[in-house]
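Everything below concerns the one structure shown next.
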Amino acid sequence: MTDTYIVHGDIIHAPALDAIEHIPDGYVAVRGGRVAGIYGELPAEYAHMPLHDYRGRLVTQALCDMHLHAPQYPMLGMGIDLPLLEWLNTYTFATEARFDDVEYARRVYDALAAKLVSVGTTRVCMFSSVHTDSTLALMQALEDAGISGYVGKVNMDRNCPLSIREDTERSIAETERFIDEALKRFKRVRPIITPRFTPACSDDLMTRLGELARASALPIQSHMSENADECAWVLELCPDCSAYWETYHKRGLFGEKTIVAHCVFSDEAERAAIARCGAWVAHCPDSNVNLCSGVAPLRKMLDERLNVVLGSDIAGGAQLSMLQVAAMAVKSAKLRSIATGGAEGCISATEALYLATSAGQVFFGEQPGFAQGNEFHAIVIDDRALQAPPSMSPSDRIGRALYTTESADIEAVYACRKL
Ligand code: GUN
Ligand code: FE
């Protein structure tokens with residue numbers, strides 16, 4: 001049992017959207033990188049195991065960032081006075097074009113991976129650029145840093161600058177090479193099929209990516225219904241479709257392993273289609289406000305039982321900390337509630353914690369919370385300086401953590417092992 005260790009502290013985790021569990025001064029036993037049990041008192045069998053003692057600190061789940069663009073890290077906080085389509089054309093495509101240089105990519109991606117760990121993100125679902133070799137460098141950087149999840153080489157063969165526009169044939173051939181190499185070289189970071197969004201992908205490219213997804217049994221990520229001009233453009237580009245979601249569904253790209261970012265403008269019918277197909281929504285509230293896209297109907301999506309996860313969407317979002325993105329999800333649901341005169345409700349801080357942690361875990365095939373058998377992904381937040389008022393509830397402690405935690409307060413990060 002040399003691969004066993006014990007983590008000690010005030011444990012709070014989110015086994016369900018509407019429930020947290022609090023084990024004050026408790027213990028998590030970790031064996032082989034997985035949760036073996038959670039205890040209020042340490043069982044005798046673990047008495048002599050290495051103890052990682054964080055007494056008095058908050059031990060909670062590490063964060064899942066389920067939608068972000070790695071090659072946009074160098075433009076964090078830039079150009080966010082522009083709406084989506086202008087922002088893409090003015091800043092984003094030019095920034096991504098630089099990633100044909102693998103050495104440059106390696107430098108940026110090593111820095112990004114280190115930053116992700118420092119803010120407590122241990123699992124991701126990430127867009128790279130169109131460049132296969134730089135995408136493999138990104139996977140290497142993440143795996144070396146201890147981060148796991150999915151990374152996609154982006155596909156686009158229309159409506160983007162020539163410097164990053166792919167020929168359809170080459171886009172498919174490079175995607176096949178990317179998948180082969182990625183599956184061969186990496187264990188914990190896996191490939192995902194990544195058509196950028198309908199405006200940048202021809203029907204032929206989408207159809208062939210749908211075939212590839214089916215043949216390879218890989219998941220799919222894209223964008224959907226983010227911005228009003230984008231939504232109108234998609235219907236012009238695809239006269240055979242009467243809703244954005246159909247542009248993916250008709251090409252075999254919309255099912256239980258599909259994750260679409262945003263869905264700000266998904267109406268009742270589109271949300272029903274998402275639920276029916278079992279697709280996942282990556283809600284990105286910081287990005288949606290920055291790019292003036294809108295405020296997604298998060299409370300409705302949750303009440304309608306859609307699968308929702310959270311994403312930073314950097315560099316549309318300017319915040320890499322998923323604790324802050326979770327706080328933003330709470331705030332933006334409030335804005336929507338205000339704008340609808342209270343017709344649409346808010347979400348709680350503990351629901352936001354679930355969305356930023358457990359919901360992503362479920363996408364990756366695990367149980368929510370610190371369930372026995374899950375990989376142990378945790379952060380230790382030293383919140384002692386704030387002093388606990390005697391009446392502070394576990395949900396208040398979580399709310400405070402989402403709203404106030406800074407990188408320096410994150411004392412330790414675990415992804416199977418201590419990173
Ligand atoms: N839609 C297509 N590409 C992008 C992107 O890079 N960021 C965001 N936020 N939306 C997109
Ligand atoms: Fe995005």
Side-chain angles (χ1 to χ4, degrees), residues 65-99 112 124-131 135 138 149-161 163-166 192-202 205-206 209 220-234 237 244-245 247-248 253 258-266 280-296 309-320 322 325 328 332:
D65 190 341
M66 301 303 285
H67 181 83
L68 73 164
H69 298 262
Q72 295 173 20
Y73 188 47
M75 52 174 278
L76 212 57
M78 289 166 54
I80 49 182
D81 51 336
L82 293 175
L84 174 68
L85 300 174
E86 280 130 87
W87 174 80
L88 287 172
N89 284 319
T90 310
Y91 287 85
T92 316
F93 290 145
T95 302
E96 292 192 13
R98 291 195 61 193
F99 286 78
L112 172 62
V124 294
C125 199
M126 209 180 237
F127 281 54
S128 176
S129 57
V130 292
H131 313 97
T135 304
L138 170 59
Y150 292 113
V151 170
K153 173 220 160 323
V154 167
N155 298 94
M156 39 185 177
D157 68 347
R158 66 175 179 183
N159 293 319
C160 60
S163 58
I164 49 172
R165 189 181 308 173
E166 303 172 295
I192 181 167
I193 307 279
T194 307
R196 184 179 202 115
F197 68 155
T198 301
C201 301
S202 66
L205 177 58
M206 298 257 269
L209 288 173
I220 297 153
Q221 62 181 351
S222 196
H223 295 90
M224 192 166 88
S225 300
E226 175 179 4
N227 162 290
D229 291 341
E230 171 213 15
C231 291
W233 191 22
V234 164
L237 288 167
Y244 202 148
W245 73 276
T247 67
Y248 296 121
L253 289 165
T258 303
I259 180 165
V260 279
H262 306 301
C263 302
V264 172
F265 292 93
S266 296
W280 294 69
V281 176
H283 174 52
C284 304
D286 192 39
S287 168
N288 295 156
V289 171
N290 283 340
L291 298 180
C292 282
S293 299
V295 181
V309 289
L310 292 188
S312 68
D313 193 29
I314 68 153
Q319 224 10 285
L320 213 50
M322 289 304 296
V325 171
M328 190 64 199
S332 86

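One-based numbering, in listed order, for ligands and for the atoms of each. Owing to the predicted nature of the structure, the values given are computational and were not obtained by experimental measurement.
Not a single heavy atom of Phe127 sits less than 4.0 Å from an atom of ligand 1. For Glu230, the heavy-atom gap to ligand 1 stays at 4.0 angstrom or more.
Below 4.0 Å from some heavy atom of Leu84 lie the following atoms of ligand 1, by number and element: 8 (C), 10 (N), 11 (C). Taking every non-hydrogen atom of Gln72 and a distance limit under 4.0 Å, the qualifying atoms of ligand 1 come out as 5 (C), 6 (O). Close approach of ligand 1 to His262 (heavy-atom distance below 4.0 Å) involves ligand atoms 9 (N).
The NZ atom of Lys153 sits 12.0 Å away from atom CZ of Phe127, with the distance rounded to the nearest 0.5 Å.
With respect to Pro195, the side-chain contact (heavy atoms from CB on, under 4.5 Å) criterion is satisfied by exactly one of Leu205, Ile220, Thr247: Ile220.
Within 6.0 Å of CZ in Arg165 there are more than 12 heavy atoms belonging to other residues, nucleotides or ligands.
Taking the charged nitrogens against the carboxylate oxygens, Arg158 and Glu166 have no contact shorter than 4.0 Å, which rules out a salt bridge.
His67 contributes NE2 as its N, O or S atom closest to the Fe ion (ligand 2). Within Asp313, the N, O or S atom lying nearest to the Fe ion (ligand 2) carries the name OD1. Closest to the Fe ion (ligand 2) among the N, O or S atoms of His69 is NE2.
The minimum heavy-atom distance linking Trp87 with Gly79 is given by the pair CD1-O, 3.2 Å. Pairing each heavy atom of Ser128 with each of Val154, the nearest pair is O-CG2, 3.0 Å.
Note on His262: not counted as a metal contact of the Fe ion (ligand 2), no N/O/S atom lying under 2.8 Å.
Asp313 OD2, 2.7 Å is the protein heavy atom nearest to atom 9 (N) of ligand 1. Nearest protein neighbour of atom 10 (N) of ligand 1, counting heavy atoms only, is Glu226 OE1, 2.7 Å. The protein non-hydrogen atom at the shortest distance from atom 3 (N) of ligand 1 is Arg196 NE, 2.8 Å.
Below 3.5 Å of separation, one finds no N or O of Glu96 facing any N or O of ligand 1.
In the model, Glu86 has no side-chain atom that pairs as donor or acceptor with a side-chain atom of Tyr91 under 3.5 Å.
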Side chains of residues 309-320: which donor-acceptor pairs under 3.5 Å do they make with residues two or more places apart or in other chains?
residue: Ser312; atom: OG; partner: Asp65; partner atom: OD2; Å: 2.6
residue: Ser312; atom: OG; partner: Ile314; partner atom: N; Å: 3.4
residue: Asp313; atom: OD1; partner: His67; partner atom: NE2; Å: 3.0
residue: Asp313; atom: OD1; partner: His69; partner atom: NE2; Å: 3.2
residue: Asp313; atom: OD2; partner: His262; partner atom: NE2; Å: 3.4
residue: Asp313; atom: OD2; partner: Ser287; partner atom: OG; Å: 2.7
residue: Gln319; atom: NE2; partner: Gln324; partner atom: OE1; Å: 3.0

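Annotation: side chain of Gln221 is not in contact with side chain of Thr258 (no heavy-atom distance under 4.5 Å).
Contacts with ligand 1 closer than 4.0 Å are made by no heavy atom of Phe93, backbone or side chain.
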